[in-house]
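Contents: one structure, followed by commentary.
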Amino acid sequence: MRGRLASLVHTVGRTTWSAHLQRFGLAESADCVHRCGVAGHLSSVRALHVQSFMSGRLASLVHAIGRTPRNVHRQRLRFAEYGPRNARLEDSAERQLQASAALRLRACASAPLHSELSRALQQDYRTQVASGWTRFEQGLKGRFNASRAHEARVRRQNLSTSRSTSEATPTGRAAEGPQHSTNASTNGASELEFRFKLPDAVSIRRLLRLAQPHSRLLAGAVATQVASALSTMAFPLAVGRMIDALTAADGLEQLRQVAVIMAVVFVLGAFAVGARVLLLNITGERVARALRKDLFSAMLRQDTSFFDARSTGELVNRLSADASAVARTLTDNLARSIRASITTVSAIGFLVYLSPQLTTVSLCMVPAFAAGVALFGRYARRLSRQLLDALAAANQVAAERIAAIRTVRLFAAEQLEQARYDRRIDDTYDIARRVAVIEGIYMGAGFLTAQTSLLGVLWYGGTMVYHGSLTVGALTSFAMYAVNLGVGVTSLSSAIGQLVRAQGAAARIFEVLDRDSCDAGSTTTSAKPDSDTGTPAPERPLPSGKVAAVERSLSARPEHPNDRSGSAGCRTGGIVLPVGYAPPAIEYDKVHFRYPTRPDTPILRGFQLAIEPGELCALVGGSGSGKSTLHMLLARLYDPDHGTIRFAGHDLRVLDTAWLRRQLGIVQQEPVLFAGTIAANISYGRDAQRFPAAPDAAADRVSALDADALRRAAEAAAAHEFISELPGGYQTRIGERGAGLSGGQIQRIAIARALFHEPTALTLDECTSALDLETELRVLENLVRVIRERRLTTLVITHRVPIMKVADRVVVLAGGVCAEQGSFATLIQNPHGVLPRMLLSAQESLLAGRTGASKASIASATA
Ligand SMILES: Nc1ncnc2c1ncn2[C@@H]1O[C@H](COP(=O)(O)OP(=O)(O)OP(=O)(O)O)[C@@H](O)[C@H]1O
């Protein structure tokens, strides 16, 4: 079985497969999997069926997601666990497949499974067919308890499924979620189907809904469009009348009357055209603005793992190109469609009015043309999606390389990067060329259809004129309306083509908009601050009843809370402690953690640590041991898989996350500064609370208000001196990511930024690694003074002996657990301890002159 799974993974060539399989425990379950039949439906839904395979330990079925036609060539198969994991499945499907797909699971009751488990499955399966999915899951849970660990996982999954089912139903998201249906075939082989409506099936109605808030403007634009189209459509009739007037007795009078009427119609038409253009442009810009704001807001709300899995370039592309494409569709294309529809319908009306017989002849080409439109629509939509993907990939390369231009130059990699970008752009061009070819064929075919139809009109109409059943004027009008009809149909089909193409862009936007926001920090219940006075918003504690309910719900957490199947990160509101609460204790209680993007690599395996209020704790450990991860977990950038982290005695998950983050003075390992003044950078975050409506102007106002606080924070971080020496002092502007400052200066500003907010706890992640020893000692001295004075509970991640020495306690992290802890003096004296070994090996590296010896280890060894 392992071999088969391995070959499956190999075939698909996707790490996700192995990740799913690993998570599912398949690789380890030598005794359990009996048969895995994989059959691709390569024609329509491309669903991959995993037919009836079982596991005593798995306690669930495995299913596979179908490939969609558009993704067949990429072999984008997905393999996911059955039922309870459908939220994750849906997520990966949304992100990866991005197309309409049907997902099927076939658990054949007749499959020759020889174990007790197979009978259990069949029984349960029948139960499911008879009484619904939920009971089936419960039945599975009850029966497959061979492995305790797995049973626990299944129970959580089931709870999360039932919860998400009950919670999600009223929302639009849920409407697009997996829908379960059961079919029982008469031959006893029951079949269960999941259907997924994936975001690329963005309906035209949903697109139009984006314009709903601007419906008055749009209605005005539509009205003026109708007026301008009608004014144009009056022209052929007038021409026919004028020609026939030439042979009438009162011909000159008729000619004059028609000319005057047409002049008035044209003037009105001109006004209508001007108003239409104005209204459409404004509507388009408003739609784009709203879309971008919503999209950016949705991005900011996403959980951290969302950004782990996506590139900046790709996301920025959605904000710019995709949003523009959708907005253009809703305005330009909509207007064109309306105009073309009016032209087409009224042209047909006039044609019928002039000669029903001739109309029949001229319309006989329409069915062929309609078929062409349908074919083109399908193909264009697929290509459009590919084009956008290719462009996003090219943008990603460009954005990343430009941001890291110094690194590119230092490695003399300009040519390499140029080649890389060229390749991406060439890919884009290849797809664009296919679009051009197909559009060319389409437009050419349209032209041929229109011209042939016109020729038929002239030939048949000429015959009618010859026999006296039609006047010359009527034939002229007819021919002009036939041309209008051709133009209308071509324009309509082209507008439809654009519309379906924009569906591709819309799918990428809705993917983010529809995705559950999972960052708890975005869901604070704090009231909005007063943007005029700058008074911070009062924070509202959560009612105790709600807290209890939240805490109860936490016991039913899913296996991996950072996935969308989890709900811990999505909870709204939370506890806010009253101002002036006692220094907080921080506690890690049996914390297990794996990154969502690497679910098979455990980082923490039951880490336990209690930091007393006001205690200074130094966290030490080898590179990659998970120190920064602990720091991120405390700030709830991720949630633990198992175990609890408490702040001031409260589980982080019941605290308001935005409030929690404001209590923590956080300095990251590689702090990021923004382009702007130093003052704005130090006071970053506070601006947002006080002046959310005008963040740029706010920076100056805040810095003027808090000049003292700025200075105090900078002094504590030993940054005041160098800031004062800069030409603009605190108002000196720095570039993106702190360009214009040294690494050590950036670190000191980051420390000042953490202290400026007067936190009650500090988490510092190697915050002095870029400083020389003298400056480091000065920063350390200041920091320790502040920590002691303010009784800040502090977790400082470090490799530096001076910091370990002043810390109340040193904690050594190894193998995902707390390997040892105690004062530096105690730990260093233990000849078998981990800490002395670590320091010794750092010293040996230094003495051996190993290239890997870091500045940190040098410092440690020499101190
Ligand atoms: N976003 C992420 N996705 C997946 N894996 C990650 C992610 N961030 C870190 N890791 C992995 O988690 C492990 C722990 O990383 P972490 O940054 O916590 O280590 P660390 O102890 O702080 O190391 P260092 O001292 O080198 O900074 C590493 O193996 C790393 O590769």
Side-chain angles (χ1 to χ4, degrees), residues 15-16 18-20 22-23 88 91-92 95 302-312 315 400 518-519 560-564 566 569 588 591-607 609 617-641 643 645 666-672 743 747 750 762-771 795-801 803-804 810-821 834-835 837-839 841-842 845 850-861:
T15 49
T16 319
S18 59
H20 281 306
Q22 283 282 343
R23 211 178 309 140
R88 176 183 305 156
D91 180 21
S92 68
R95 277 192 279 109
Q302 296 305 322
D303 53 307
T304 315
S305 57
F306 173 85
F307 298 95
D308 288 346
R310 289 165 179 81
S311 70
T312 315
L315 294 177
E400 206 179 331
C518 286
D519 185 75
H560 210 299
N562 296 305
D563 285 351
R564 290 178 57 242
Y588 292 88
V591 172
H592 292 256
F593 180 71
R594 294 162 298 164
Y595 279 97
T597 46
R598 276 189 215 149
D600 46 347
T601 313
I603 307 294
L604 299 174
R605 306 160 190 254
F607 179 81
L609 173 67
C617 201
L619 183 65
V620 187
S623 179
S625 57
K627 302 182 297 296
S628 305
T629 305
L630 283 171
H631 166 98
M632 285 189 273
L633 289 173
L634 182 60
R636 281 205 76 194
L637 293 182
Y638 300 90
D639 276 344
D641 300 345
I645 305 176
I666 300 172
V667 183
Q668 294 160 281
Q669 197 168 15
E670 289 170 8
V672 176
Q747 279 193 334
L762 272 183
T763 69
L764 311 172
D765 191 350
E766 299 190 42
C767 65
T768 55
S769 58
L771 299 179
L795 179 66
V796 49
I797 297 169
T798 186
H799 292 294
R800 308 292 182 101
V801 171
I803 301 183
M804 296 179 212
V810 176
V811 174
V812 182
L813 173 64
V817 296
C818 175
E820 62 184 24
Q821 53 179 305
V834 184
L835 185 67
R837 253 187 289 139
M838 272 176 50
L839 295 181
S841 96
S845 302
R850 269 198 227 153
T851 49
S854 66
K855 190 181 162 194
S857 53
I858 294 170
S860 304

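Every value quoted in this text rests on a predicted model; they were computed, and no experiment measured them. One is the number of the first residue; the rest follow in order along the sequence. Atoms within a ligand are numbered from 1 in the order they appear, just like the ligands themselves. Atoms considered below: every heavy atom in the structure, side chains included; atoms not considered: hydrogens, waters and symmetry mates.
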What's the shortest distance from atom 28 (C) of ligand 1 to any protein heavy atom, and which residue and atom give it?
-> Gly624 O, 3.8 Å
Return the residue, atom name and 0.1 Å-rounded distance of the protein heavy atom closest to atom 15 (O) of ligand 1.
-> Thr629 OG1, 3.7 Å
Contact between His799 and ligand 1, counting heavy atoms under 4.0 Å?
-> yes
Test item, Met632 contacting ligand 1 (heavy atom, 4.0 angstrom) | no
List the closest protein heavy-atom neighbour of atom 30 (C) of ligand 1: residue, atom name, distance to the nearest 0.1 Å.
-> Arg598 NH1, 4.0 Å
Atom 1 (N) of ligand 1 has as its nearest protein heavy atom Asp308 OD2, 3.3 Å
Judged by modelled atom types alone, do Tyr595 and Thr629 share a side-chain donor-acceptor pair under 3.5 Å?
-> yes
Got the closest protein heavy atom to atom 17 (O) of ligand 1, with its distance?
-> Ser628 CB, 3.5 Å
Can you list the ligand 1 atoms lying under 4.0 Å from a non-hydrogen atom of Glu766?
-> 25 (O), 27 (O)
So Ile797 and Glu766, side chain to side chain contact (heavy atoms under 4.5 Å, CB included) or not? Walk me through it.
-> CA-CA 5 Å; Ile797 297 169; Glu766 299 190 42; 4.1 Å; yes
Minimum heavy-atom distance Leu619-Phe607, with the two atoms named | CD1-CZ, 4.5 Å
Heavy atoms of Leu604 and Val591 approach each other most closely as CB-O, 3.5 Å
Give the minimum heavy-atom separation between Ile666 and His631, together with the two atoms involved.
-> CG2-NE2, 3.5 Å
Assess Pro596 for proximity to ligand 1: is some non-hydrogen atom of it under 4.0 Å away?
-> no
Looking only at protein heavy atoms, what sits closest to atom 10 (N) of ligand 1 is Tyr595 CE1, 3.3 Å
Side chain or backbone of Tyr638 under 4.0 Å from ligand 1, or both, or neither, by non-hydrogen atoms?
-> side chain
Thr763, Asp765, Ile603 screened by side chain to side chain contact (heavy atoms under 4.5 Å, CB included) with Ser628, the one that passes | Asp765
Nearest non-hydrogen protein atom, atom 25 (O) of ligand 1 = Lys627 NZ, 2.7 Å
Show the numbers, then the answer: is there a side chain to side chain contact (heavy atoms under 4.5 Å, CB included) between Tyr588 and Leu634?
-> CA-CA 9 Å; Tyr588 292 88; Leu634 182 60; 3.4 Å; yes
Ligand 1 atoms nearer than 4.0 angstrom to some heavy atom of Gly622 are 21 (O)
With distance as the sole test, does Lys627 use its side chain to make a donor-acceptor pair with the main-chain N or O of Val796 at under 3.5 Å?
-> no
Report the part of Thr597 (side chain from C-beta onward, or backbone N, CA, C, O) that has a heavy atom under 4.0 Å from ligand 1; answer both or neither where that applies.
-> side chain
For Leu609 against Gln821, the heavy-atom pair lying closest together = CD1-OE1, 4.0 Å
For atom 27 (O) of ligand 1, the protein heavy atom that lies nearest, with its residue and separation | Gln669 NE2, 2.8 Å
Would one find more than 12 heavy atoms of other residues, nucleotides or ligands at under 6.0 Å from atom CD of Glu670?
-> no
So is Gly626 polar-close to ligand 1, meaning N/O to N/O under 3.5 Å?
-> yes
